[in-house]
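Inspection log for the structure reproduced underneath, given as structure tokens.
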Amino acid sequence: MAYETVIGLEVHVELKTKTKIFCGCSTDFGAEPNTQVCPSCAGFPGTVPVLNKKAVELAVKAGLSLNCEIANYSKFDRKNYFYPDLPKAYQISQYDYPICGKGYIDIDISGESKRIGITRAHLEEDAGKLVHQGSITTTTSSLVDLNRSSVPLLEIVSEPEMRSGIEARLYLEKLRSILLFAGVSDCKMQEGSLRCDANVSVRPYGQAEFGTRVEIKNLNSFKALEKAIEFEAKRHVDAIEDGEELIQETRTWDDEKQVTKSMRTKEDAEDYRYFPDPDLPPIKLNEAFINDIKENLPELPDEAQKRLVEKYNLPNYDASLLTMTPDVLTFFDECMKEYEDAKVVSNWMMGELTRLLNQNNIELSESKINPEHLINMLQLINKGTISGKMAKTVFEEMFNSGKDPEAIIKEKGLVQISDEETLLATIEEVINNNPKVLEDYKAGKEKAFGFFVGQVMKATKGQANPAIVNKLLKEKLNGE
Amino acid sequence: MELFELTVYELQEKIKKREISSEEIVKSIYKRINEVENTIKSFITLADEKNILENAKKIDAKNEYNGLAGIPYALKDIFCTSDFRTTCSSKMLENFVPTYNASATVKLREQDAILMGKLNMDEFAMGSSTERSAFHLTCNPWDLERVPGGSSGGSAAAVAAGEIPFALGTDTGGSLRQPAAFCGVVGLKPTYGRVSRWGVIAFASSLDQAGPITKDVRDTAIIMNEIAGYDSLDSNSLDVEVPDYTQFLNQDIKGLKIGYPKEYFQEYVTQEVKDAVINALKKYEELGAVVEEVSLPYTEYALPAYYLIAPAEASANLARFDGVRFGYRDTNAENVLDMFKQSRSAAFNNEVKRRILFGTNSLRSNNYEDYYLKAQKVRRLVRDDFTRVFKDYDVIVAPTTPTTAFKIGEQINHPIILYLNDIITVPVNLAGLPGMSIPCGFSDGLPIGMQLIGKPFDEGTLIKAGHAFEQSTDYHKAKPAVGVK
Ligand SMILES: [Zn+2]
């Protein structure tokens, strides 16, 4: 039997506010434990929350960027549970009246567009963090760091409309790029400002009802998301085929072993006893407030992609990659101010730049390359100063050191030899040294020509301008 | 007359005229405390006399007497203070010293009023007799065998006994008005949102409101001028202009429309209390007010609704007392879950546990609609009752409590009977309205309280009506015999 995987994602993004959602503490990442904590976000008695307006603004901005309906009325609820890192023993969240309602985003699957629905997006506060002394299973003491407590989060819940690990990944990538373009979050998975849980089930094709659902928690990379879903879908299919009963449970992804592991079953599921938080009045937004944000939305990935295709005649594929993050697009746009061939720039960005970013596992903003240097380099290729092959070396050096291409060429002696006199001397030398190959050539063996080119390149340590070598060699061989 | 017997207003006047110094007031207050505190036991933490005298001298040296400068006061031990432990009368917070001060008290500090200590209460404000304090009983100054009421019992007893010129308390379902009535003093629960809740340890957040307990209505106006007003730290604090409450004193009440709800004069109210309030209504008529019977039909549902909403909110508010960051921690527990359980088991009293269980149960997802949500609907109906009556009336008058102060131990094992004490005060909290209790009579030597209920943010009319009554009667001048040799 053929099965279909059904996936819905719950994504938590940290909103880019300077201060926490219910107090004035800083939200900076990486500070010493418990240095960004006040009585309020530590849940001390007598303290009460005060809503950060900026968080509301960013939530609305995010919602509008995701084509969501924005609620004129929303409210905060208490989600009650005991945990040492949850200082008030309840999390302030939004239950039945979220700030953002239905929306959608479009993803591109091998050239075709698919629309994934968003169910809702709601505001909530983050919890703190437990630091276990040693391993979580053997620890005899744990420390609590409340720096993250009350950091503003937007939880974005999708419809169960994805059908494979790849689709889920594409959705998350698109979601991230939209949120980055909207400027509402840094979306750094390593720092926890973008976190993803996946709800996964399988069912025979054509069956309307969903299969038993499993939630996979804390997927902290795109790769982990894709792999975990694929693993889980296969596990479900295997279980069904073997006649085993699947249980509704929460699982985690073990990246080392590439398997999911059970965390807790539905039976231990808590009743969170949601009720409206009496400390916080409902959020009432008027149309003017919403419209103001709507009118000031920056260019979003879909728009940008369209622009690249229309203005520069780029393939959709290129345009989608160039609009993954605002940094990449800005880099491209900067290049286009000084250079006319968009496809060449795109090729370098999708090729070498992406390769180096992946290899070093960094973001564009962390590399040292800049658009001006790339343009300079392309112009040097066009002038024949360097070859395309040399350019790769130059590019890598620009990426690592941030030096301009001329300096790199000088340092590495990468100048291309285009002087015909010099090249002709070398060509003659090569021909004279290989009379047998010359005979082969004359006998019509095409390979011999390639051999001569190779020898010339070798003799010039790769600095010969290949086009001129070709031209001169042909003249020389045919002229004799 | 000794200085401890004077009202805030009288002390202010004498200070202004340089007739007395703050140092002298403080000395008199300590003398009185030394005289009666052993019998009344209204304090949980009393400031060191030497420190306070130093402080008073400093204030005297400033030589710029205005506002409440140099006037001593004390706080129900639910207001967070950085210089005194804040216990909420619970073992849970026995040694808890906050790093912050409640907004309502910050303003008093800025005025150089002298904080002399923290007053007894029912643990986490749950109780109507102050018998639920984890530390000790407080006695009613009018009859030492009787309770002072609760939960702000320490505050009311201290003011009634002359241990302090004024105090702040809180009122969630009557816990400021009821003890004021039992102790023969004035207690005002302001409109919800009128006085900041920041730094006041929460019992039921949508009902809690801080207010003054004073010897007379004039002092209530004076203290309200200082503590009322918008506070950006409390999201429910409302940005409504604060009038000068003293302008409502000595005003003519001719034509004032007073409604008395028949539902507040039912058989559960003793004849003595009814008579006293009815006499007060007659007095109002003499003073030119229009007095008419009104109806608040949803009254009978208010108490059950209150006892669903308040515990529900309390169950969440008190969940933070888990032994992790502050307060009592059981150190023998094997794991963190046991630490939560054992800390909470050991440090909360039975009444607190009972309400946490009530609240937790009514919020469970399969009970939510039948209990919590239904109670919220009743709350709206109760509010609508008032809105309707206030279309035609300026103020509602009722007894504050069904009875006078009961005996210590009499009701402690009957929680439901104890809850009935709040029957006439609770609707005011559900509706978020201002309510004030003032003395209006005596029965067997025990004070009787009359409750004046006003429109939202119309504390002024309560002060006007209360003061007019006070000016034509002497009940507020009566003093308990405690400490009189
Ligand atoms: Zn904070």
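Only a predicted model underlies this, so the values are computations on that prediction, with no experimental measurement involved.
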Looking only at non-hydrogen atoms, find the nearest pair between B/Ala312 and A/Phe275 and report the distance.
-> O-CZ, 4.0 Å

Would you mind telling me which of A/Pro278, A/Pro281, A/Cys23 has the largest number of heavy-atom pairs within less than 4.5 Å of chain B?
-> A/Pro278

Atom CD in B/Glu313, atom CG in A/Asp279: separation rounded to 0.5 Å?
-> 8.0 Å

Which pair of non-hydrogen atoms, one from A/Pro276 and one from B/Tyr372, has the smallest distance, and what is that distance?
-> CD-CE2, 3.9 Å

Checking A/Tyr272 against chain B: side chain, backbone, both or neither under 4.5 Å from a heavy atom?
-> neither

What distance separates B/Ser365 OG from A/Glu270 CD, expressed to the nearest 0.5 Å?
-> 12.0 Å

Which atoms of B/Phe96 come close to chain A, meaning under 4.5 Å heavy atom to heavy atom: side chain ones, backbone ones, both, or neither?
-> side chain

Taking atom types as modelled and ignoring hydrogens, do the side chains of A/Tyr90 and B/Arg320 form a donor-acceptor contact shorter than 3.5 angstrom?
-> yes

Quick one: which of B/Arg364, B/Arg197, B/Arg325 has the most heavy-atom pairs under 4.5 Å with chain A, could you say?
-> B/Arg325

In residues 26-58 of chain A, which residues are in contact with chain B at a heavy-atom separation under 4.5 Å?
-> A/Pro39, A/Ala42, A/Gly43, A/Phe44, A/Pro45, A/Gly46, A/Thr47, A/Val48, A/Pro49, A/Val50, A/Leu51

Side chain, backbone, both or neither: which part of A/Asp271 has a heavy atom under 4.5 Å from chain B?
-> side chain

So the salt bridge (charged side-chain N to carboxylate O under 4.0 Å, His left out) pairs with at least one residue in residues 367-383 of chain B (sequence neighbours excluded) are none

